[in-house]
Amino acid sequence: MLIQVLLAIVFAVSITAQQNSTNVTVADVARAFTAAKIVPDVLPTFNPSSLLDVVFLDNMTGMSVDVTPGINLTEQQSAQRPQFFLVSNDTSLAGQTFVLVMVDPDAPTPQIRHLLAPGLMANGSLATGATLVNNTPAISEYISPAPLAGSGPHRYTMVLYIQPSNFTTAVSSVVNSSTPITNFNVSLFAQELGLGSPLAGNFFWTGPNASSTNSTGTNSTSNATSSGSSPASSNTTSASLGNEDLLFTATAFASVMFGVSVMSLV
């Protein structure tokens, strides 16, 4: 129990402390989508106006893993539902509601729907990365990547749309919690519900035996990762802390910030 509490503290601190480290631009993301053939395989066009930052927590290492477009992640690193952040200069988005969709276009029955989360709102500063917070349950809960043995890396693609006012009543006729997650089509879904073009997007590669945490996928020629990283961090994937290190780091932080001692958490 103590380890879990301290890991949660370390994760929260790492995200907060490194919130404004991104140098990736919307043009970088658009180029990465084209280079990986997400355009046109998943989307007919993609012209984002904002950035979608994605941060996983690797439970084995306790480190946050920042998704820059085209990064290659292991199944372990992407096992838990990530946190999502919206970065934008458009202040009008502060009052908007959003729909986030994650798909795998490289599954045997493409596209597999890995997440469909409506009712998201931006909490915090859009300029540095506002956390996207759920106001309603997900229609499709997060399903972690698990590509079949022997397959190449899959492109796990996430896109964010502005949610129209009639979405809640209209969506049930298109997809609901009992709808099969296979043979989904995100572009058709967006068209049927009048979502318009994606506001932002991101993607990562995961293969059955993927091990790299800081390079682009096998089939990606994106250079987006070379220019920086998203609000979470550029260095969080390059280090691994043991339990003793995590205890020391988190305990020191808890003592300074909250006046909490290790004994009080045991």
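Only this structure's heavy atoms are used, side chains among them; waters, hydrogens and symmetry mates stay out.
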- Shared ILVMFWY cluster between V174 and F184, side chains joined below 4.5 angstrom?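 Yes: a chain of side-chain contacts under 4.5 Å links V174 to F184.
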
Heavy atoms only: give me the nearest [X]-[Y] pair and the separation to one decimal.
X	Y	result
S144	S78	CB-O, 3.6 Å
P153	W205	CB-CE3, 3.5 Å
P110	P105	CB-O, 3.3 Å
D104	D106	OD1-N, 2.9 Å
P118	A138	CD-CA, 4.2 Å
F46	P198	CE1-CB, 3.9 Å

Counting only N and O atoms by type, is there a donor-acceptor contact under 3.5 Å from the side chain of [X] to the main-chain atoms of [Y]?
X	Y	value
R81	L115	no
T131	V133	no
N176	T179	yes
S187	V42	yes
T157	F203	no
Q111	V186	yes

Any side-chain heavy-atom pair from [X] and [Y] closer than 4.5 angstrom?
X	Y	value
P147	E75	yes
P82	V67	no
L126	N89	no
R113	V175	yes
L116	V99	yes
L148	P108	yes
F204	V54	no
M121	T97	yes

Nearest 0.5 Å please: distance from the [atom1] atom of [X] over to the [atom2] atom of [Y].
X	Y	atom1	atom2	value
L120	F84	CG	CZ	8.0 Å
R155	I38	CZ	CD1	6.0 Å
D53	M158	CG	CE	10.5 Å
T61	Q77	OG1	CD	7.5 Å
I139	S177	CD1	OG	8.5 Å

- Message: Students often mix this up, so state it plainly: with edges at 30° and 60°, are the rings of Y142 and F56 parallel, tilted or perpendicular?
- Response: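 It falls in the tilted class, 30° to 60°.
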
Donor-acceptor list for residues 159-172 side chains, cut-off 3.5 Å, not counting sequence neighbours:
unit_1: Q163; atom_1: OE1; unit_2: G119; atom_2: N; d: 2.8
unit_1: T169; atom_1: OG1; unit_2: N166; atom_2: O; d: 3.0

- With sequence neighbours left out, write down each residue that passes side-chain contact (heavy atoms from CB on, under 4.5 Å) with S50, or none if nothing qualifies.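 For S50, the residues satisfying side-chain contact (heavy atoms from CB on, under 4.5 Å) (neighbours in sequence not counted) are L86, S88, L93, L199, A200.
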
- For D58, enumerate each residue passing the salt bridge (charged side-chain N to carboxylate O under 4.0 Å, His left out) test, keeping only those at least two apart in sequence or located in another chain.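 If we apply the salt bridge (charged side-chain N to carboxylate O under 4.0 Å, His left out) test to D58, skipping adjacent residues, there are no hits.
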
- Tell me the ring-ring contact (aromatic ring centres under 6.0 Å, His included) pairs involving residues 57-76, sequence neighbours left out?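 Found none.
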
- Task: For residues 104-124, pull every pair meeting ring-ring contact (aromatic ring centres under 6.0 Å, His included), keeping only residues two or more places apart or in separate chains.
- Result: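 Of all non-adjacent pairs touching residues 104-124, those that pass ring-ring contact (aromatic ring centres under 6.0 Å, His included) are H114-Y156.
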
- Item | Residues that, via side-chain heavy atoms closer than 4.5 angstrom, fall in one hydrophobic cluster with I143 |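 Once heavy-atom contacts under 4.5 Å are chained together, I143 belongs with I112, I181.
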
- side-chain contact (heavy atoms from CB on, under 4.5 Å) assessment of L52 paired with V29: CA-CA 9 Å; L52 177 65; V29 180; over 6 Å; no

